[in-house]
Amino acid sequence: MMIAIMRRAIAVTINGKRHSNEVEPRLLLIHYLRDVLGLTGPHIGCETSICGACTVLVNGKAIKSCTMFAVQANGADVLTIEGLASDGNLHPIQNAFWEEHGAQCGYCTPGMIMASKQLLDRNASPTEEEIRHGLEGNLCRCTGYQHIVNAVKSAAAKMGA
Amino acid sequence: MIAHPFDYLTPKSLPEALLLLADPDAKALAGGMSLIPMMKLRLAAPAKLVDLRGVPGLTSISEESGRLKIGALATHFDIESSRLVRAKCPLLAMAAAHIGDVQVRNMGTIGGSIAHADPAADYPAALQALEATISIAGVGGTRAVSAAEFFVDTFTTAVGPGELVVEVSVPVEAAGTGTSYQKCLQPASGFAIVGVAARLQAVSGNISMARIGVTGLSGCSFRANGVEALLESGSDPQAAAAAIANGIDANSDIHASAEYRLHLARVYAAKAIRAALAAAR
């Protein structure tokens, strides 16, 4: 039996730009970003809120966009990896991932960088242990994490300088 | 993974939310960290989702006549980072910090977590040891139940149909009280294979009050009364901790056999008791 479900009007500010759409309540935020808006920076990895590849910031907080419905983000301010660079200049965290070889295959990288952004927003000079704890929700299957930790340390030093 | 279709409702007050939840096809949505994965797997398919985040007054954390009152929509991050909770009820902050990962703690709420009552969740051990009180609202009014009454069985609580957890109340710890939560985690999910919360009052090593909460070991969190009695009558931590497994029908799954879980419970109980004793000094 088909159930007729009303679409919902939502307005979300994404990377500083306001978007208004009508969506099915069951549409996940990750599918709204990727399929409706074409923002394919946030990746779909495990789809079970484990891997963190889909991490974006909602009102400044890192969340897994595979485990949030787009309707829950109505009225929110969302930041994806696409919104980090400004005027063609990479964000210091993006730069640090480049310089410190924090990315190999790159699949986890957008989520890893967004989680790193929140980590540094909350704690400008984290210890190695705090970095590893803050990135627990993001899995990388290439780097062994050491280069990622180095990148976050390097970004912290540059951003504090 | 796409959830079954549902209607999305956004009440703006508690009475409105309770009215919507009186519909047996409606389900309350708080942080969604358990419900949304279940909906994606189609283990749950509510026809209506009542998003509580627009209901005012459910996120506050405040101190009132010797208790901390935690709103049901306070997130695990709110609780682990609250200066008030860290200073006045560190066991609750410690348990919150052990949940999942930072993204989950940003969204997940204390009310949602305890109402879900996963047998391997972290809060129940702490709430049992804290002898917390949980306020449950319904259309007929609000009632308060103890943690011991609240956690009934696996995924089963004292919350009735149409009711909603609205507040968790925990004691402000007195001087000389030491607490600790020690957990052996399942590395992929972060859930507790066994978690033990210890809360002790001690003067120069002599324990006058002991409260031990346990999660992950069996189908439901519980107070280890036998361990508490031994500690209060002067047994050493190791001997007292060994009693945690007495008469327990332990869970057995791919992560840990019942025998191994019982072993872990003894080990982590001793760790938690020692750490709480050290904190009491």
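Letters go in sequence order (proteins before strands), and every chain restarts at 1.
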Can you tell me which portion of [X] sits under 4.5 Å from chain A's heavy atoms? Options are side chain, backbone, both or neither.
| X | value |
| --- | --- |
| B:Leu41 | neither |
| B:Leu35 | neither |
| B:Asp51 | side chain |
| B:Thr10 | side chain |
| B:Met107 | side chain |

Legend entry - Contact leader toward chain B among A:His133, A:His31, A:Lys64, where contacts are heavy-atom pairs under 4.5 Å: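 The candidate making the most pairs under 4.5 Å is A:Lys64.
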
With a 4.5 angstrom heavy-atom cut-off, which part of [X] approaches chain B: side chain, backbone, both or neither?
| X | value |
| --- | --- |
| A:Gln72 | both |
| A:Cys54 | neither |
| A:Ile63 | both |
| A:Thr67 | both |

Legend entry - Short side-chain donor-acceptor distance under 3.5 Å, A:Ser154 and A:Glu99: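 No, A:Ser154 and A:Glu99 have no side-chain donor paired with an acceptor closer than 3.5 Å.
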
Inset, instruction - Validate the cation-pi geometry between A:Arg122 and B:Phe77: distance from NZ or CZ to the six-membered ring centre under 6.0 Å, angle to the ring axis within 45°. - result: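 Cation-pi check for A:Arg122 and B:Phe77: passes.
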
Legend entry - B:Tyr268 ring center near B:Tyr181 ring center (under 6.0 Å):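 No: the rings miss the under 6.0 Å criterion.
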
Legend entry - Near-ring test B:Tyr123/B:His76, centroid separation under 6.0 angstrom: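 Close enough - the centres of the two rings lie under 6.0 Å apart.
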
Legend entry - Ring geometry between B:His116 and B:Phe155 (parallel below 30°, tilted from 30 to 60°, perpendicular above 60°):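 Taking B:His116 first and then B:Phe155, their aromatic rings sit tilted (interplane angle of 30° to 60°).
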
Inset, instruction - Report the C-alpha distance between B:Thr179 and B:Glu173 in whole Å, list the side-chain angles of each, state the deciding distance to 0.1 Å, and finish with yes or no for side-chain hydrogen bond (donor to acceptor under 3.5 Å, both in side chains). - result: CA-CA 9 Å; B:Thr179 56; B:Glu173 296 293 14; 5.2 Å; no

Inset, instruction - Indicate yes or no: does B:Glu16 engage B:Lys12 in a salt bridge with an N to O separation below 4.0 Å. - result: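 Result for this pair is no, no salt bridge flagged.
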
